[in-house]
*Asks:* 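Sharing a structure here in structure tokens format.
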Amino acid sequence: MSTEPHGRINPWFAFKHSGARRYLVASTVVLSLSVALSVQTQSWSWVSRSGGVLVLFGVLLSLRKLFRLGPQQLDTPIEPIVINKNQFNITSMYQSINHLTDNFAQAFGVCLMVAGTVLASYGDALLDLLVPLK
């Protein structure tokens with residue numbers, strides 16, 4: 001497992017295993033297509049519309065734990081990793097890693113939601129001021 005010296009999970013490890021990579025690639029594709037359509041139509045409204053898709057991706061990523069565990073198991077506590085001095089609970093270690101990646105996915109999903117909301121609300125107006133197409 002990829003850990004830092006302090007025993008914390010490396011952020012890159014959490015990024016890879018949380019599924020955030022797929023959402024980042026999908027968001028980049030959506031933004032690229034919307035910029036291409038906006039340039040072709042001479043209007044930044046397509047970029048503004050892509051903000052809604054980013055919000056949807058952020059919501060899906062933030063709800064990773066709910067999709068993974070189901071509503072009944074959301075509040076179940078994680079068992080201790082160390083059973084005694086010489087035995088480790090492997091299932092508990094796996095649950096801890098999933099808990100950390102769920103937290104990372106939730107934080108990344110919130111960032112996507114904020115970026116999508118700003119883009120949907122002010123994207124076309126700001127881009128018209130900064131990069132006029134006409």
*Asks:* For the side chain to side chain contact (heavy atoms under 4.5 Å, CB included) test, which of L33, L119, D124 pairs with V47?
*Replies:*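 By the side chain to side chain contact (heavy atoms under 4.5 Å, CB included) criterion, V47 pairs with just one of L33, L119, D124: L119.
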*Asks:* So, do S34 and R49 sit near enough that their side-chain heavy atoms are less than 4.5 Å apart?
*Replies:*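 Counting from C-beta outward, S34 and R49 never come under 4.5 Å.
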*Asks:* Do the side chains of L31 and L54 get nearer than 4.5 Å, heavy atoms only?
*Replies:*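 Side-chain contact under 4.5 Å: yes.
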*Asks:* OG/S48 to CG/L127 distance, rounded to the nearest 0.5 angstrom?
*Replies:*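 S48 atom OG to L127 atom CG measures 9.0 Å (nearest 0.5 Å).
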*Asks:* Atom OH in Y23, atom CG in L60: separation rounded to 0.5 Å?
*Replies:*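 Between Y23 OH and L60 CG, I get 4.5 Å after rounding to 0.5 Å.
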*Asks:* Is F57 close to V53 at the side-chain level, that is, under 4.5 Å between some pair of heavy atoms?
*Replies:* yes
*Asks:* Under the side-chain contact (heavy atoms from CB on, under 4.5 Å) rule, collect the residues that match up with S121, sequence neighbours excluded.
*Replies:* T117
*Asks:* Are there more than 12 heavy atoms of other residues, nucleotides or ligands under 6.0 Å from atom CD of Q42?
*Replies:*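 Yes, the 6.0 Å shell around CD holds more than 12 heavy atoms from other groups.
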*Asks:* Take S45 and S43 through the side chain to side chain donor-acceptor pair (under 3.5 Å) test and state the conclusion after the steps.
*Replies:* CA-CA 5 Å; S45 62; S43 170; 3.3 Å; yes
*Asks:* For a 4.5 angstrom cut-off between non-hydrogen side-chain atoms, does L24 reach F108?
*Replies:*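 Side-chain contact under 4.5 Å: yes.
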*Asks:* Quick one: does any side-chain atom of S50 pair with a main-chain N or O of V30 as donor and acceptor, under 3.5 Å?
*Replies:*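 Pair absent, no side-chain N/O of S50 close to backbone of V30.
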*Asks:* Counting only N and O atoms by type, is there a donor-acceptor contact under 3.5 Å from the side chain of W44 to the main-chain atoms of V131?
*Replies:* yes
